[in-house]
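Everything numeric in this text was worked out from a predicted model, so none of it was measured.
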Amino acid sequence: MKINLNGTSGSVLMDQHIEVMSKAEQLFQALVAAVPHPRDFQTYEDPGAAFREERDAFAERLKQVMSIRKWAEDVCLDLQSQGAST
C-alpha cells in the first residue's frame, strides 16, 4: 500500500491509524473477556451445538478485529517508510 502524503499530512494519518490500532486492541481485549463458555448455553435444546456455533462465530469476530489492527499497522509502516512520524 502506498498512501499519498500530498493530501492529509503524514503525522495526522499516523496518529489516526495509531488510534485505530489502539481501539482495535481494546476491542480485542474486551472480546476476549467476553469469550463464550459452554455453561452459557446449557438451556438450549442442543447445548453443545449452540456453544460450538457461537464459539466459531466468536473466533471469526476476533479475526476481523485483528485484521483491522493489522491493516492499521500496515498503514503506519507505509507512512513511516515515507518519513511520516507522530
Side-chain angles (χ1 to χ4, degrees):
M1 170 183 335
K2 195 76 160 169
I3 294 179
N4 183 346
L5 297 181
N6 291 330
T8 305
S9 76
S11 63
V12 168
L13 288 169
M14 183 75 82
D15 289 344
Q16 290 170 339
H17 287 83
I18 288 171
E19 180 74 7
V20 170
M21 287 174 28
S22 174
K23 297 298 183 185
E25 185 62 33
Q26 289 175 19
L27 177 56
F28 183 84
Q29 294 303 322
L31 284 168
V32 167
V35 68
H37 189 278
R39 71 175 172 265
D40 299 331
F41 300 88
Q42 60 188 335
T43 60
Y44 284 73
E45 186 174 319
D46 184 348
F51 168 69
R52 286 187 298 277
E53 183 178 330
E54 180 57 25
R55 179 196 61 201
D56 294 347
F58 193 85
E60 189 57 39
R61 289 181 201 106
L62 289 174
K63 286 180 190 175
Q64 290 170 346
V65 171
M66 292 315 295
S67 176
I68 291 168
R69 190 197 179 289
K70 175 76 170 99
W71 163 78
E73 182 180 15
D74 289 346
V75 170
C76 287
L77 292 171
D78 175 60
L79 293 168
Q80 194 174 38
S81 76
Q82 295 184 61
S85 63
T86 60

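Nearest heavy-atom pair, F58 versus V32, reported as atom, atom and distance to 0.1 Å: CZ-N, 4.4 Å. Nearest heavy-atom pair, H17 versus W71, reported as atom, atom and distance to 0.1 Å: NE2-CH2, 3.5 Å. Among all heavy-atom pairs drawn from V20 and A72, the shortest one is CG1-CB, 3.7 Å. When all heavy atoms are compared, the tightest approach of S11 to A84 is N-CB, 4.5 Å. Among all heavy-atom pairs drawn from P47 and F41, the shortest one is CB-O, 3.2 Å.
Put simply, CG on L62 and OG on S67 are 12.5 Å apart, with the number rounded to the nearest 0.5 Å. Remark: H37 NE2 to F51 CZ distance equals 7.5 Å, nearest 0.5 Å. Atoms CG and CD, from L31 and Q64 in turn, are 10.0 Å apart once rounded to the nearest 0.5 Å. Taking OH from Y44 and CD from E53, the interatomic distance works out to 9.0 Å, rounded to the nearest 0.5 Å. In this structure, the separation between OG1 on T8 and CE on M14 is 13.5 Å, given to the nearest 0.5 Å.
No side-chain heavy atom of V75 sits under 4.5 Å from any side-chain heavy atom of L13. The closest side-chain heavy-atom distance from E73 to R69 is below 4.5 Å.
With respect to E25, the side-chain contact (heavy atoms from CB on, under 4.5 Å) criterion is satisfied by exactly one of Q29, M21, K23: Q29.
Linking ILVMFWY residues whenever their side-chain heavy atoms come closer than 4.5 Å, directly or via other members, leaves F28 and I68 in distinct clusters.
Using a 4.0 Å cut-off between charged side-chain N and carboxylate O, R52 and D56 make no salt bridge.
A donor-acceptor contact shorter than 3.5 Å links the side chain of S81 to the backbone of D78.
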